[in-house]
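Note that the coordinates shown come from a computational prediction; the quantities given were computed from them, not determined experimentally.
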Amino acid sequence: MDTQSIYLNHAGTSWPKPNVVIDAVRDAMRVSPYDWGEHFEQAHQAIAAFFGIRNFNQLLLTPGCTSSLAIAVADIDCGGRNRVLTSAWEHHAMHRPLLKLAEHGVTIDYVPPSEDSALDLNKLEQQLSKGDVGLVAMTASANVTGDLLPVESVVELAHRYDAQVLLDAAQVVGWLELDFCSLGADLIAFGGHKGLQAPWGIGGLYIAEQARMKCVSAQCELATADRPLRPGYCDAGSVDQVALAGLHAAVRWLRQSDRPANLTTARHQISRIASSLISAGARCSSKQSSSQRMPTVAFSFQDKSSSEIAAALKKWGVIVGSGLQCAPLAHQTLGTDAIGLTRISVGIEQSENDIQAAISVLEELLTH
């Protein structure tokens with residue numbers, strides 16, 4: 001990628017990383033094994049504090065969100081209930097382990113969107129009221145469209161009917177100021193390489209005190225009277241110390257930034273891009289306005305495939321996402337699974353020059 005390229009695929013991976021993250025990764029390669037334990041503990045505590053987790057032992061560090069979701073689904077105790085509810089927008093990292101549950105007799109039901117929301121809360125409650133749902137597992141934001149799901153209402157309804165909640169927060173961490181304890185979900189999975197600005201290879205799984213788990217896998221820790229059995233580092237695998245150093249630096253950097261202002265700016269930028277797309281005749285797929293969703297827009301144009309559009313944009317120096325974005329379920333919901341969608345997503349501190357140049361390229365490409 002040349003230095004003139006405009007990178008607009010931050011919903012996939014943020015780039016470029018902040019200099020402090022790059023420096024931390026470089027320095028971590030030189031850290032003596034004598035100091036690994038101390039560095040690990042400092043990073044672990046800082047990352048937990050960033051998410052409002054008061055007991056850092058409730059945060060299991062993992063190789064990424066996919067690993068976190070797989071562990072969560074495998075080890076959660078549904079209390080003998082044989083139904084799981086999920087949304088129509090799930091990333092494959094969530095959907096795949098749920099489908100594996102179905103092979104063992106668990107019924108997976110999908111809560112559809114409503115006219116004006118990515119999730120129909122009335123239909124969610126109708127399903128929960130049957131009393132046989134043990135888990136509600138869904139994303140906080142659709143990675144294809146950027147639409148936000150009503151997470152707080154989902155948690156409240158699920159707990160009202162004694163169902164646990166697993167939340168995929170991959171798209172919102174780093175952007176939203178999240179207090180995991182206050183949010184109330186039983187388990188929250190995230191990765192570091194998107195909005196958190198960290199390298200690949202690091203993520204986490206928050207396990208609330210009230211979460212009911214059945215850890216049948218190998219354990220490196222023993223349960224005690226005041227600490228029930230939970231997945232441990234032997235279940236997640238060795239933590240990548242280099243990526244961890246990058247995430248530690250990233251959360252310190254994010255703490256110094258104005259995240260609400262960053263999101264407002266990014267939403268305004270994606271709104272301008274979306275307006276130019278619509279003016280050029282593109283069809284944008286979302287249920288929420290740009291001011292309400294994550295800074296992402298997914299679109300189709302005439303009969304062109306998303307890969308054709310992305311390839312053409314790349315020739316003009318604009319890097320975007322294309323295809324199914326690892327979320328075939330979402331594309332089935334949208335009816336775009338045959339050709340996919342082109343996805344544009346802006347990043348934290350994206351320059352205005354990038355936005356204006358991208359709009360010019362899009363207008364030139366789609367109107368000529």
Side-chain angles (χ1 to χ4, degrees), residues 60 62 64-113 118-140 142-143 149-151 153-170 183-190 203 205-219 223 228-232 235-236 324 326-333 337:
L60 176 65
T62 71
C65 194
T66 298
S67 299
S68 297
L69 289 169
I71 292 168
V73 173
D75 283 5
I76 197 163
D77 184 357
C78 290
R81 298 183 177 189
N82 64 352
R83 276 212 305 149
V84 172
L85 300 180
T86 190
S87 83
W89 308 104
E90 298 309 312
H91 190 282
H92 197 54
M94 174 74 89
H95 197 211
R96 183 178 186 276
L98 293 181
L99 292 177
K100 298 296 286 185
L101 285 183
E103 296 177 2
H104 298 281
V106 176
T107 299
I108 312 298
D109 286 326
Y110 302 87
V111 181
L119 189 87
D120 190 321
L121 289 172
N122 289 328
K123 292 187 177 179
L124 172 66
E125 185 166 17
Q126 287 173 10
Q127 294 293 331
L128 287 166
S129 66
K130 296 178 182 179
D132 58 352
V133 175
L135 174 66
V136 178
M138 60 182 58
T139 184
N143 77 306
L149 278 72
V151 170
S153 297
V154 168
V155 171
E156 191 277 325
L157 282 171
H159 286 175
R160 186 188 304 174
Y161 293 95
D162 199 30
Q164 298 202 83
V165 177
L166 166 60
L167 185 66
D168 174 359
L183 193 57
D186 301 281
L187 300 108
I188 303 176
F190 66 91
L205 175 65
Y206 163 70
I207 306 173
E209 289 185 0
Q210 78 273 6
R212 302 185 297 270
M213 309 293 286
K214 52 176 184 181
C215 303
V216 297
S217 53
Q219 284 290 317
L229 202 58
R230 293 286 191 258
D235 303 291
L324 301 182
C326 295
L329 177 62
H331 283 275
Q332 291 170 21
T333 302
D337 45 318

### Pair Met94-Asp168, side chain to side chain contact (heavy atoms under 4.5 Å, CB included): steps then yes or no
CA-CA 8 Å; Met94 174 74 89; Asp168 174 359; 3.9 Å; yes
### Message
Before you tell me yes or no, could you show the steps for Met138 and Leu119 under side chain to side chain contact (heavy atoms under 4.5 Å, CB included), namely the whole-Å CA-CA distance, both residues' side-chain angles and the distance that decides it to 0.1 Å?
### Response
CA-CA 10 Å; Met138 60 182 58; Leu119 189 87; 3.9 Å; yes
### Task
Check the pair Arg212, Asp162 against salt bridge (charged side-chain N to carboxylate O under 4.0 Å, His left out), reporting the backbone distance first and the verdict last.
CA-CA 11 Å; Arg212 302 185 297 270; Asp162 199 30; 3.7 Å; yes
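Residues Ile207 and Ala211 come closest through the heavy atom pair CG2-CB, 3.8 Å. Scanning all heavy atoms of the two residues, the minimum distance from Leu149 to Ala142 falls at CD1-N, 4.1 Å. Closest heavy-atom contact between Ala72 and Leu205: CB-CD1, 4.0 Å. Scanning all heavy atoms of the two residues, the minimum distance from Pro328 to Cys326 falls at CD-C, 3.5 Å. Scanning all heavy atoms of the two residues, the minimum distance from Ile188 to Ala185 falls at CG1-CB, 3.8 Å.
Every residue was checked against the salt bridge (charged side-chain N to carboxylate O under 4.0 Å, His left out) condition with Arg96, not counting sequence neighbours, and none meets it. In this structure, the side-chain contact (heavy atoms from CB on, under 4.5 Å) partners of Val106, at least two apart in sequence or on a different chain, are Val84, Leu101, Ile108. Taking Thr66 as the reference, Ala93 meet the side-chain contact (heavy atoms from CB on, under 4.5 Å) condition, with sequence neighbours excluded.
No side-chain heavy atom of Leu167 sits less than 4.5 Å from a side-chain heavy atom of Val155. Within the 4.5 Å cutoff, side-chain heavy atoms of His159 are placed close to those of Asp186. In this structure, the side chains of Lys100 and Val73 stay at 4.5 Å or more apart for every pair of heavy atoms. For the pair Val136/Gln164, no side-chain contact is recorded, criterion being any heavy-atom separation below 4.5 Å from C-beta on. The shortest side-chain heavy-atom distance between Val165 and Leu187 does not fall under the 4.5 Å cut-off. Side-chain contact between Asp75 and Lys214 is absent, with no heavy-atom pair separated by less than 4.5 Å. By the 4.5 Å heavy-atom criterion applied to side chains, Tyr161 and Glu125 are counted as neighbours. Side-chain contact between Pro150 and Leu121: present, with at least one pair of heavy atoms (C-beta onward) separated by less than 4.5 Å.
Atom NZ of residue Lys123 and atom CG of residue Leu85 lie 13.5 Å apart, to the nearest 0.5 angstrom. Atom CG in Leu135 sits 7.0 Å away from atom CG in Leu98 (nearest 0.5 Å). Separating the CD atom in Gln127 from the CG atom in Asp120 is a distance of 10.5 Å, to the nearest 0.5 Å. In this structure, Ser153 OG and Leu124 CG are separated by 9.5 Å, a value rounded to the nearest 0.5 Å. For the atom pair CG of Leu329 and OH of Tyr110, the computed distance is 6.0 Å after rounding to the nearest 0.5 Å.
Look at Arg81 and Asp132 and you find no salt bridge, because none of the NZ, NE, NH1 or NH2 atoms lies under 4.0 Å from a carboxylate O. The pair Asp109-Lys130 does not meet the salt-bridge criterion, since no charged nitrogen lies less than 4.0 angstrom from a carboxylate oxygen.
Between the side chains of Ser87 and Glu90, at least one donor-acceptor pair of N or O atoms lies under 3.5 Å.
A donor-acceptor pair is defined here as one N or O able to donate and one able to accept, closer than 3.5 Å; such a pair exists between the side chain of Asp235 and the backbone of Gly232. Side chain of Thr333 to main chain of Ala88: a donor-acceptor pair is present (N/O by atom type, distance under 3.5 Å, no hydrogens or angles).
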